[in-house]
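Everything on this sheet refers to the single structure shown next.
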Amino acid sequence: MEAALTASFATLTSVLSEEQVVRDPAACAGVAVDGLAPQCLVLPRSEQEVAAVLRFASEQKLGVIPCRNATKLGFGNTPRRYDIALSLKELNRVWRYEPDDLTVSVEPGMKLGDFQRFLARRGLWIPLDPPGGARASLGGTVAANAQGPLRLKYGAPRDMVLGMRIATTEGKIVKTGGRVVKNVAGYDLGKLLIGSYGTLGVIVEINFKLFPLPAHRTTWRLAAPNLTQTREFRRALLSSPLGPLRTVTMDSEAAALVSGHEHDQAQSYEIRVEFGGTETVIRRSGEMLQSMARALELSETTLDGASAEAAWDRVADFESALSSVFSRAVLVKASLPISAGEQFLELAGLEAAKEGTRTACLNHSGVGIVYVGLLTQEVRPSLGGVTNSLRKAARRLGGALVVLRSPAELKRDIDVWGPPGDDFDLMRRLKEAWDPQGVLSPGRFVGGL
Amino acid sequence: MRQESPSRPSGYGPGEAPRWEDYSKCIQCGLCLNSCPTYRVLGHEMDSPRGRIYQMIQVERGRLALGDSFVRHMDLCLDCRSCETACPSGVHYGRLIEAARGQIERSYHRGPGATFLRRLFFRELLPYPSRLRAVGKLMSLYQRSGLEQFVLASRLLKVLPANVEKAARLAPRVENPFFRVGTVTPAIGTRRYRVAFLSGCIANLAFARLNEATVRVLARNGCEVVVPKDQGCCGALCVHAGLRDLARAMAVRNIRAFAREPFDAIVTNSAGCGSVLKEYPGLFEHGSQEHLAAAELFSARVKDVTEFLAGAELNTGLAPQRVRATYQDPCHLLHAQRIRKAPRQLIGAVPGIELIEMKEPDICCGSAGVYNVLHPEMAAPLLAAKMRRVDETGAELIVTANTGCLLQMRAGVAASSNPRRRVLHVVELLDEAYRQA
Amino acid sequence: MQEARTARALPLDDLKRIVGERNVLWRAEDVMLYEYDGLSAHATPAAVVFPSTTAEVSKVVALAVRTGLPVVARGAGTGLSGGAVLTEDGLVLGFSRMNKILEIDLENQRARVQPGVVNLDLSLAVSDAGYYYAPDPSSQKACTLGGNVAENAGGPHTLASGVTTNHVLGLEAVLADGSVVHTGSACWDHPGYDLTGLLTGSEGTLAIVTEITVRLCRKPEAVKTLLAIYDAVPDATRTVASITARGITPAALEMMDGFTLRAVEEATHAGYPMDSAAVLLIELEGLSEVVDEEAGHIECACLENHAREVRRARSAEERDLLWRGRKNAFGALGRVTPNYYVQDGVIPRTRLPEIMEFMEDVGRRYRLRLGNIFHAGDGNLHPLLLYDKRDPDQCRRVTQASAEIIARCVELGGSITGEHGVGIEKNELMPLLFSEDDLALMRRVKAIFNPEGRLNPGKLLPTGKMCGELRVQASAGG
């Protein structure tokens with residue numbers, strides 16, 4: 001088996017040059033998934049090379065996982081097989097940048113932070129604050145439809161991607177969508193790829209719609225004594241004419257993780273709201289926010305520019321903040337009706353307490369996405385029970401729950417994605433159509449796709 | 001691209017028929033659909049303006065017979081012309097439906113019962129003010145003697161077709177004494193205008209008080225009001241029914257009656273009448289130049305009473321009315337005459353009144369002339385929907401500007417959870433406010 | 001009188017059993033009313049069925065497919081690419097009876113509706129509470145949300161707020177075998193492939209949508225509408241880029257050329273200047289002081305680009321009037337020509353001056369009058385080609401001129417359709433945009449949902465029966 005594989009990797013070097021196929025065990029261990037390291041790490045430099053690798057893998061029936069910075073590599077089920085780590089690191093060029101049209105074509109290996117710096121020179125940005133923050137790659141962000149609290153104002157990658165080029169497992173490059181902001185020609189196959197976690201094809205170029213950077217931004221911090229107050233504030237904020245860029249609510253543990261030091265007020269909640277726009281927007285928003293805070297008797301302060309930006313990046317990269325302190329932590333993400341966020345926070349605390357565990361909860365309260373971290377230094381089988389209870393709660397509230405991070409040994413006992421719905425058969429057949437050999441991230445997605 | 005050659009002979013008979021110049025303007029975009037009351041209720045393309053035009057075209061092309069199906073869908077149209085307001089292409093739908101109905105009237109046999117009733121009403125009754133008065137007197141007797149209550153309660157009418165009973169229940173209250181024509185009312189204060197008032201036919205019996213109020217309000221606004229004696233029915237009901245020859249005869253008579261002197265305006269308080277009066281020239285397009293010219297002269301002077309008052313300097317001696325009101329646009333004022341602002345402006349001129357716009361004030365209430373009598377199954381859901389829109393506003397007073405709408409809305413109020421709500425014509429509201437001042 | 005039909009067995013009794021006798025139309029004089037939509041007339045359906053529940057839709061679809069009858073779903077039939085008409089003998093599923101708003105949940109900013117709900121009726125239902133449904137196709141007074149989902153409808157205000165696909169959270173749909181699936185959810189994220197996103201814009205060729213969960217938006221505090229008047233078209237097109245360059249995203253940014261606006265003015269008396277070469281209609285939404293401020297910046301941008309005058313609507317009434325002019329613009333041209341053909345190309349917005357020049361040239365070469373109405377802010381063009389369909393030569397010239405314009409849009413990096421859809425109008429043009437590999441993948445996806453091709457056959461993908469031709473509509477609006 002091993003010998004046969006070695007022989008076939010030799011064929012791979014007929015497609016890629018020697019130095020693009022890394023078989024160094026240390027390098028491979030760096031992109032391990034749930035303790036499983038690939039046979040090799042390949043570094044294609046063009047879309048054609050990506051396609052060639054996929055065709056090769058298809059022919060050899062090998063498992064391929066696309067990656068870049070490994071910020072989201074822990075998401076998903078343990079792979080059924082994992083032979084090749086397909087790094088898109090070398091694909092990080094910008095094509096066709098049209099700042100006046102507010103469009104750009106960019107390769108997936110570009111890091112979000114680098115991309116933002118590039119765009120900022122012309123006063124533009126791509127309003128994404130996904131997990132992984134500035135380190136996240138554009139390809140990974142799109143493949144996971146990853147978004148943070150900015151979704152409130154700007155939407156998710158699915159709302160900003162105009163078109164893509166995709167390498168398929170047949171070794172072809174196909175195009176979806178286009179480069180213009182309005183386009184309804186043909187099936188929107190791009191939507192299938194966005195959020196497919198690399199299970200259908202590999203994104204090799206993305207056309208984004210860009211946005212002007214707000215001229216001014218202010219972040220407000222509010223302290224709330226209980227969830228009733230945070231709920232009232234959320235209602236007031238969202239039904240006001242203010243259009244905040246983003247808002248989150250954190251319990252004290254989450255606030256402590258994000259700010260990097262012990263939180264002063266135990267048993268309380270911190271709300272953050274960011275506004276952006278002209279000075280007038282900032283002033284009006286500030287006034288209205290202060291009067292909302294007064295009405296609810298919440299204390300408020302502002303964060304200044306640079307520190308605010310860093311603070312939001314830590315909010316986006318909640319997972320790193322969590323895992324740097326609790327290396328064995330379990331992190332789940334619930335997608336809920338906006339109105340159910342506070343209730344879920346409460347339930348999460350209670351369920352975890354039953355198992356003697358504390359939680360760090362981060363509610364993207366404008367969009368109904370709640371992250372719950374189970375703060376633990378050792379793996380206990382009972383944590384699986386907690387995630388199952390949380391999933392039941394999320395479903396009861398009309399939502400869904402996925403496990404974003406979990407120690408590999410626990411993954412065997414828990415369902416990462418939750419039970420699929422009545423549309424699963426279609427998903428299965430779509431997967432078969434795109435990836436008949438099952439080479440892309442095998443077994444990692446919903447229902448073991 | 002479909003070839004446009006008509007392969008079969010036209011299904012229309014001689015005389016006026018829907019014309020290419022009119023129906024070719026329809027681009028089948030469908031923007032009219034949701035503005036059409038019958039489409040809203042039935043959800044069938046056949047009962048939409050676009051569908052009706054398509055059917056007219058198919059008859060022209062010989063693909064559809066001028067038969068039962070066609071007639072049913074043309075009959076069901078309220079001729080509210082809401083679709084004209086919705087139409088981006090400027091299709092004169094009213095002209096098309098009226099021409100189609102003219103064809104039906106000439107070439108389609110409705111069966112003996114319907115033919116007899118139509119003949120009786122349109123040809124033997126409407127054109128003759130004296131006969132109308134006689135019927136009015138009988139009706140009055142019937143309504144006041146208690147006989148009506150007896151008949152309605154007795155289920156006697158159940159032996160007749162269902163429509164007759166429903167019609168009996170919707171019959172207007174005859175108002176004694178009837179409105180007198182052939183009068184001249186002097187202006188109160190300085191005379192600024194001399195206007196003629198077209199008082200209507202049935203309205204003289206059933207809306208006598210409204211007509212009197214109209215004259216009083218005009219007089220208070222510096223008008224000397226002449227009510228010509230020889231006037232008669234405007235012909236609106238005939239035009240809507242496709243009886244164009246009859247309508248022409250009525251038009252000729254009115255043009256003559258009002259041509260005696262150059263009045264500053266010919267005023268009407270009925271939107272249905274007003275829209276036809278303004279469209280008299282359309283009746284003579286194929287006739288003599290002389291008639292056409294006279295009709296044009298006549299129509300140019302016709303003004304709805306709200307249009308006239310809003311355009312004059314309104315006497316503001318109005319007593320405050322502390323009431324929440326909502327306004328229902330009469331179809332033939334809004335869609336046929338494009339008058340939207342004037343009535344609202346007049347209501348707004350009454351101090352203290354709180355005007356809350358209902359949603360969809362531009363959708364027909366189901367009255368449409370005698371439509372509610374002929375098609376109660378369609379009129380009822382339209383009225384129910386309208387009353388829900390009224391309820392949403394919390395208004396205690398419904399204001400409108402047309403006689404048919406008044407009747408229909410009053411029927412709606414009577415059947416509603418709040419039967420004490422009032423329904424007034426704009427001039428009745430003004431009249432009350434003047435009299436209390 | 002009876003039209004000859006190719007006789008595929010019509011299971012009329014079964015249909016009547018499923019939806020009830022009165023909800024089936026099958027007489028020639030009735031079904032002929034369902035042979036057209038906003039594009040033009042095509043095949044006459046064998047029957048039109050009006051279901052009132054998802055279960056009925058499911059049974060009808062299963063029956064139709066079993067008997068080999070094609071099925072097309074129809075909302076109001078206002079579409080401009082032939083999405084709601086049959087290309088061959090089959091069934092029309094009319095959704096006018098499935099028109100209920102099932103749930104409005106304002107705290108969660110969403111509503112659940114049946115597909116037959118009229119777009120504007122949803123906004124009307126939530127307007128008192130201060131909300132609205134954002135996508136606003138010009139036909140919004142009549143078109144249904146089911147149709148909007150099928151076509152991924154746009155509209156003038158999608159510049160800032162996105163098109164239909166950005167506002168749909170979840171769907172219930174009936175598949176070709178009659179089974180019912182639920183995609184997405186009522187929340188903002190849902191694990192699994194984004195089938196909601198795939199079905200939106202699939203033009204009824206993958207599934208028949210029976211329930212839709214949409215997002216509702218909060219109404220802005222203030223709205224300001226400006227009308228910038230120009231003596232030269234290039235000045236207007238250049239202004240578009242300089243507005244975006246100032247970092248302002250208007251809620252809507254529309255352009256009309258002088259020829260069009262004269263027709264519009266005659267029809268609506270909106271107060272458009274009769275002697276100008278072009279106007280921009282610009283709308284701003286947001287906090288009131290901010291909107292005022294932005295209006296100032298936009299005024300500068302317009303004047304710097306030699307606008308003759310910039311007017312601001314002073315009241316809601318003036319604003320409505322300006323919009324009525326714009327929304328009725330297509331039809332207004334119907335007053336000056338027996339027929340017109342409306343195109344729906346897209347280009348990157350900075351290429352507006354170029355395409356304008358090109359279209360002028362096309363008009364000259366083909367001896368055709370063109371009216372121009374654009375969603376300028378997002379580069380979505382609606383040139384109207386005026387003609388008289390009784391003249392075969394004019395028809396030919398319109399088809400060729402349109403094809404040239406569309407091809408040029410693609411060359412400039414744009415698309416063949418921005419919001420009207422591909423349907424039967426442009427399916428043969430798909431190879432302009434997509435390679436054989438791209439199309440093969442689309443076919444493979446279609447085969448999963450609609451293996452026998454019974455759902456809306458002959459649409460969206462090239463049939464290969466015509467070679468790269470445009471199918472011109474008789475006339476259009478929207």
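Residue numbers begin at 1 in each chain, while the letters A, B, ... track the order of the sequences.
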Would you mind checking which part of [X] comes under 4.5 Å of any heavy atom in chain C, side chain (CB onward), backbone (N, CA, C, O), both or neither?
X: A:Ala400; answer: side chain
X: A:Phe445; answer: side chain
X: A:Ile173; answer: backbone
X: A:Ile369; answer: side chain
X: A:Arg151; answer: both
X: A:Ser240; answer: backbone
X: A:Pro337; answer: both
X: A:Thr103; answer: neither
X: A:Arg235; answer: side chain
X: A:Pro241; answer: both
X: A:Val402; answer: side chain
X: A:Val446; answer: side chain

Could you tell me which portion of [X] (side chain, backbone, both or neither) has an atom closer than 4.5 angstrom to a non-hydrogen atom of chain A?
X: C:Leu460; result: side chain
X: C:Met442; result: both
X: C:Gln109; result: side chain
X: C:Leu439; result: neither
X: C:Val240; result: neither
X: C:Asn380; result: side chain
X: C:Thr350; result: both
X: C:Pro348; result: both

Any idea which heavy atoms bring C:Leu433 and A:Ala185 closest together, and the distance?
CD1-CB, 3.6 Å
Can you name the closest pair of heavy atoms from C:Gly414 and A:Val180 and give their distance?
CA-CG1, 3.9 Å
Taking side chain as C-beta onward, heavy atoms only, is [X] less than 4.5 Å from [Y]?
X: A:Thr278; Y: C:Glu293; answer: yes
X: A:Thr176; Y: C:Asp438; answer: no
X: A:Leu189; Y: C:Leu198; answer: yes
X: C:Leu441; Y: A:Tyr187; answer: no
X: A:Leu102; Y: C:Thr244; answer: yes

C:Asp177: what forms a salt bridge (Lys or Arg N to Asp or Glu O under 4.0 Å) with it, not counting sequence neighbours?
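None.
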Of the listed residues ([options]), which shares the most heavy-atom pairs with chain C below a 4.5 Å separation?
options: A:Val181, A:Leu401, A:Leu426; result: A:Leu426
options: A:Val367, A:Asp422, A:Val174; result: A:Asp422
options: A:Leu449, A:Leu213, A:Leu200; result: A:Leu200
options: A:Asn145, A:Val281, A:Leu124, A:Ile194; result: A:Val281
options: A:Arg96, A:Lys182, A:Met427, A:Arg284; result: A:Lys182
options: A:Gly186, A:Ser285, A:Gly421, A:Gly277; result: A:Gly186

Let me confirm one number: the [atom1]-[atom2] distance from [X] to [Y], rounded to the nearest 0.5 Å.
X: C:Tyr193; Y: A:Lys431; atom1: OH; atom2: NZ; answer: 5.0 Å
X: C:Ile347; Y: A:Asp101; atom1: CD1; atom2: CG; answer: 8.5 Å
X: C:His190; Y: A:Ser335; atom1: NE2; atom2: OG; answer: 9.0 Å

Take C:Glu221 and A:Leu242, measure what side chain to side chain contact (heavy atoms under 4.5 Å, CB included) needs, and give me the verdict at the end.
CA-CA 8 Å; C:Glu221 183 183 79; A:Leu242 300 175; over 6 Å; no
Could you please state which residues from residues 153-160 of chain C sit under 4.5 angstrom from chain A, measuring non-hydrogen atom to non-hydrogen atom, sorted by number, or 'none'?
C:Gly154, C:Gly155, C:Thr158
Proximal to chain A - members of residues 284-292 of chain C, heavy-atom separation under 4.5 Å
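The list, in residue order, reads C:Leu287, C:Ser288, C:Glu289, C:Val290.
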Answer yes or no: is there an ion pair linking [X] with [Y], defined by an N-O contact shorter than 4.0 Å?
X: C:Arg444; Y: A:Glu170; result: yes
X: C:Glu107; Y: A:Arg231; result: no
X: A:Lys172; Y: C:Asp437; result: yes
X: C:Arg349; Y: A:Asp100; result: no
X: C:Asp378; Y: A:Lys209; result: no

I'd like to verify something: which residue of [options] has the highest number of heavy-atom pairs under 4.5 Å with chain A?
options: C:His182, C:Lys446, C:Met430, C:Lys219; value: C:His182
options: C:Leu175, C:Val346, C:Thr196, C:Leu461; value: C:Val346
options: C:Thr200, C:Val163, C:Thr205, C:Leu199; value: C:Thr205
options: C:Arg110, C:Glu203, C:Lys426; value: C:Arg110
options: C:Asp344, C:Thr165, C:Thr183, C:Thr249; value: C:Thr165
options: C:Gly247, C:Pro191, C:Gly130, C:Ser435; value: C:Pro191

Non-hydrogen contacts under 4.5 angstrom with chain C: give the residues of residues 157-166 of chain A involved, or none if there are none.
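Contacts with chain C: A:Arg158, A:Asp159.
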Within a reach of under 6.0 Å around CD of A:Glu279, are more than 12 heavy atoms found that belong to other residues, nucleotides or ligands?
no
Quick one: does C:Asp194's side chain have a donor or acceptor within less than 3.5 Å of a partner on A:Leu192's backbone?
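Here the side-chain-to-backbone pair does not exist.
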Is the NZ or CZ atom of A:Lys175 positioned over C:Phe434's six-membered ring, under 6.0 angstrom from the centre and within 45° of the axis?
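Positive - A:Lys175 is close enough to the ring of C:Phe434 and near enough to its axis.
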Might you work through the side chain to side chain contact (heavy atoms under 4.5 Å, CB included) test for C:Asn152 and A:Val184, ending with a clear yes or no?
CA-CA 7 Å; C:Asn152 190 13; A:Val184 294; 3.9 Å; yes
